[in-house]
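Proteins get letters first, then strands, A, B, ... in listed order; numbering begins at 1 in each. Computation of the quantities below employed the complete heavy-atom set of this structure, encompassing side-chain atoms and omitting hydrogens, waters and symmetry-equivalent molecules.
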Number of protein chains: 2
Amino acid sequence: MTTTPRKPRSGKRGPTVADVARCAGVSPMTVSRVINSEPNVMPATREKVEAAIVALGYVPNPAARSLAGGQQCRIALLHANPSAAYLSEFLMGSLAQASKLDVQLIVEDCDLLADPAELVRRLIDHRVDAVLLPPPLCDDEVLLKALHLAGLPIAQIATGRPAEFAYAVTIDDEAAAHAMTGRLIGLGHRRIGFVAGATNQTASALRFAGYARALSEAGLTPDDRLVREGDFTYRSGLVAAEALLALPEPPTAIFASNDDMAAAAVAVAHRHRLEVPRDLSVCGFDNSAMATTIWPEITTIDQPVAEMARRATALLAEAVRGRAGPPAFVARHIQLAFKMLPRASDACAPPCAQNHGLGT
Amino acid sequence: MTTTPRKPRSGKRGPTVADVARCAGVSPMTVSRVINSEPNVMPATREKVEAAIVALGYVPNPAARSLAGGQQCRIALLHANPSAAYLSEFLMGSLAQASKLDVQLIVEDCDLLADPAELVRRLIDHRVDAVLLPPPLCDDEVLLKALHLAGLPIAQIATGRPAEFAYAVTIDDEAAAHAMTGRLIGLGHRRIGFVAGATNQTASALRFAGYARALSEAGLTPDDRLVREGDFTYRSGLVAAEALLALPEPPTAIFASNDDMAAAAVAVAHRHRLEVPRDLSVCGFDNSAMATTIWPEITTIDQPVAEMARRATALLAEAVRGRAGPPAFVARHIQLAFKMLPRASDACAPPCAQNHGLGT
DNA sequence: CTGAAAGCGCTTACAG
DNA sequence: CTGAAAGCGCTTACAG
């Protein structure tokens with residue numbers, strides 16, 4: 001009598017590389033090469049394998065791949081962004097890339113970030129290999145330093161001031177704000193109000209800089225009273241717009257540093273019995289959900305959040321896996337294109353107002 | 001000369017069960033038992049192992065676990081929800097549970113769902129084991145049937161009409177709407193406008209039913225003119241509120257079936273020079289970002305979206321892994337508690353209006 | 001260009 | 001209650 005063979009593991013499982021290899025008449029190794037689209041496989045062989053894959057409906061097992069590949073890569077996404085919409089879009093991009101690259105994404109809410117050192121310790125304990133930092137955390141100097149000291153690769157997203165030691169994926173906030181302001185000027189506006197973003201985000205200053213440059217390039221005298229502080233919340237937009245419209249010479253257009261504040265400006269205009277855009281033009285920034293939710297829909301700047309998340313995730317995965325080569329400074333900071341999104345909230349300046357702020 | 005030993009695999013890797021076992025003086029098997037908190041391990045042994053885990057900073061390798069455990073479980077999250085905020089919260093819950101249970105989550109955007117059959121085929125091809133259906137897809141009969149026919153376990157989230165063959169995680173929409181309407185009645189409102197939700201979501205009908213029941217329980221005669229159709233968009237809320245306030249006898253309160261429409265009602269009120277809540281009370285549903293973004297913040301019903309996502313994900317994982325036992329009908333439909341969130345958008349009815357719609 | 005062998009880190013299925 | 005052996009499905013590191 002022979003020894004009873006061990007019972008095979010339970011459950012119907014899908015086909016494996018071995019099955020495909022058998023079906024194609026090659027070795028599992030070759031199947032692996034085809035799956036990973038490595039070069040050095042004869043076209044004929046490749047085709048046979050591909051046919052077998054289709055025939056069997058083979059799908060690689062990610063768990064096995066990462067185990068064997070030793071590609072364990074765990075990236076933490078630290079977020080403290082009040083905007084669920086931003087987070088959602090960011091997550092979709094990051095998640096897609098993570099699954100493609102087979103990296104494990106750890107999502108951590110840092111809203112009440114007490115002690116950065118404590119956080120870093122927890123990350124290390126959890127074997128996190130790198131950290132994704134969307135705004136506003138991307139601008140937290142203390143956190144940045146603590147992470148850097150711990151030797152963790154970092155990607156700052158949408159920061160206005162990339163750290164030397166970090167990766168960064170941004171858009172050109174200054175240029176975008178410049179373009180938007182230029183658009184308003186082109187529409188004949190001369191008194192353009194500006195609602196600034198939160199001062200703890202470096203991008204806020206860049207947006208203001210773009211606004212100011214467009215003004216001065218057009219020969220318009222900047223007017224301090226037209227610039228109000230906001231903090232990216234609707235509430236702060238309400239206050240800022242209220243102040244702007246209470247001015248003896250109110251602006252004919254308001255450019256808010258994000259869409260929530262722009263929406264607030266629209267609401268205030270309505271309460272003042274001003275039609276948007278007939279009596280007041282309003283523009284935002286970010287192309288968040290709010291921009292298309294309210295009426296009229298807000299002209300804004302589209303920030304490719306999902307794409308930025310994808311790129312940042314890929315950057316970190318490469319850094320962790322050492323495929324990135326010597327991390328050249330220039331390649332570490334990627335700038336993506338923004339998009340001007342003209343919608344229904346801005347229009348030509350009212351005729352009577354056209355000569356108001358002019359230097360003539 | 002002995003044969004040169006094979007070069008070990010590259011990269012510093014963390015400690016493994018073997019390391020922990022060595023350090024604790026037990027077998028890897030015992031370490032595994034402790035990690036998985038199985039019973040049948042002597043307390044003393046357990047403590048030794050736990051100490052070793054801490055000392056070495058051991059963290060289990062999820063890839064290895066799922067490979068060895070044969071627990072491959074792939075759950076698809078099909079979404080077509082226009083609200084990024086909802087999706088974001090849902091994702092957070094689902095993701096957390098997925099990582100805890102070691103299931104792979106596939107997130108798929110089905111906004112332009114052409115052919116359900118085609119989609120099902122793709123899911124099967126991708127070896128998806130089960131499907132998570134948040135609204136409005138949870139109510140898509142055709143999709144539901146196609147999925148069921150393919151033998152895929154399904155979890156409907158926030159549906160108003162759970163299918164017999166599916167798992168479902170819901171709140172009691174009828175009771176919630178009843179509570180909200182009751183609150184308004186308690187505040188002295190007698191003419192309460194209602195903005196209905198999209199008809200393609202079964203929860204919409206339940207919310208209306210709750211409103212109607214509260215009215216009739218209070219002895220108030222329902223008035224068709226006070227009920228307007230909406231489709232959950234801000235735009236539709238604008239139209240509905242406009243119609244409601246144009247009534248010869250306008251309502252003193254508006255209960256919208258979601259927060260976006262409630263926000264629209266607030267905007268319309270403001271354009272009509274009505275103060276909210278002084279001149280008009282407005283309530284919403286869902287506790288979405290919009291509810292706390294605008295001013296005044298909207299009284300609403302909190303739906304525990306993240307928790308619902310967690311539960312649904314867990315339900316499916318159990319179903320796939322067959323730990324669920326015989327799927328008893330009753331346990332397949334879970335109803336979670338909603339929460340009434342009183343905020344700043346509702347108040348007592350204006351004194352003069354109190355006697356308006358009364359039957360007396 | 002292709003393949004045989006070993007190993008990734010854990011768990012299952014037994015046997016004590 | 002504990003452990004030795006085999007195996008999960010793939011890839012690395014070689015050798016031809």
Trainee: In whole angstroms, how far is the P atom of D:dG9 from the CG atom of A:L56?
Mentor: 14 Å

Trainee: Is B:H79 close to B:L91 at the side-chain level, that is, under 4.5 Å between some pair of heavy atoms?
Mentor: no

Trainee: So, for B:V320 and B:A130, which heavy atoms are closest and what is the spacing to 0.1 Å?
Mentor: CG2-CB, 3.8 Å

Trainee: In whole Å, I'd like the distance from the CZ atom of A:R22 to the C1' atom of C:dG3.
Mentor: 16 Å

Trainee: If every non-hydrogen atom of B:H333 is compared with every non-hydrogen atom of B:P162, which pair is closest and at what distance?
Mentor: CE1-CB, 3.1 Å

Trainee: Could you go step by step and tell me if A:D125 and A:R122 meet the salt bridge (charged side-chain N to carboxylate O under 4.0 Å, His left out) rule?
Mentor: CA-CA 5 Å; A:D125 279 357; A:R122 223 173 42 236; over 6 Å; no

Trainee: Of the candidate nucleotides D:dT11, C:dA4, C:dC10, which contains the atom at the shortest distance from the side chain of B:P60?
Mentor: C:dC10

Trainee: Can you measure B:Y58 atom OH to C:dG9 atom P for me and round it to whole angstrom units?
Mentor: 10 Å

Trainee: Can you tell me how far P of D:dG16 sits from CE of A:M29, to the nearest Å?
Mentor: 17 Å

Trainee: Give the dot-bracket string for DNA chain D, reading 5' to 3', where a pair is Watson-Crick or G-U wobble with both distances under 3.5 Å, ( ) marks pairs inside the strand, [ ] marks pairs crossing earlier ones, | marks a partner on another strand, and . marks unpaired.
Mentor: |||.||||||||.|||

Trainee: For C:dG3, does either OP1 or OP2 sit under 4.0 Å from a side-chain N or O belonging to A:T30?
Mentor: yes

Trainee: Let me know the distance between CZ of B:R65 and C1' of C:dG9, rounded to the nearest Å.
Mentor: 11 Å

Trainee: Taking only the side-chain nitrogens and oxygens of A:T16, find out if one of them lies under 4.0 Å from OP1 or OP2 of D:dG9.
Mentor: no

Trainee: Could you list by number each residue of residues 31-54 of chain A showing a heavy-atom separation from DNA chain D of less than 4.0 Å, or answer none if no residue does?
Mentor: A:S32, A:N36

Trainee: Any side-chain heavy-atom pair from A:R310 and A:V169 closer than 4.5 angstrom?
Mentor: no

Trainee: Please give me the minimum heavy-atom distance between B:E38 and B:R46, naming the atom from each residue.
Mentor: O-NH2, 2.9 Å

Trainee: Shortest non-hydrogen contact from B:C138 to B:Q156?
Mentor: O-NE2, 2.8 Å

Trainee: Please report the shortest heavy-atom distance between B:V41 and B:T30, naming the atom on each side.
Mentor: CG1-CG2, 4.5 Å

Trainee: Looking at every non-hydrogen atom in both residues, tell me the closest pair between B:T16 and B:Y58 and how far apart they are.
Mentor: C-CE1, 3.6 Å

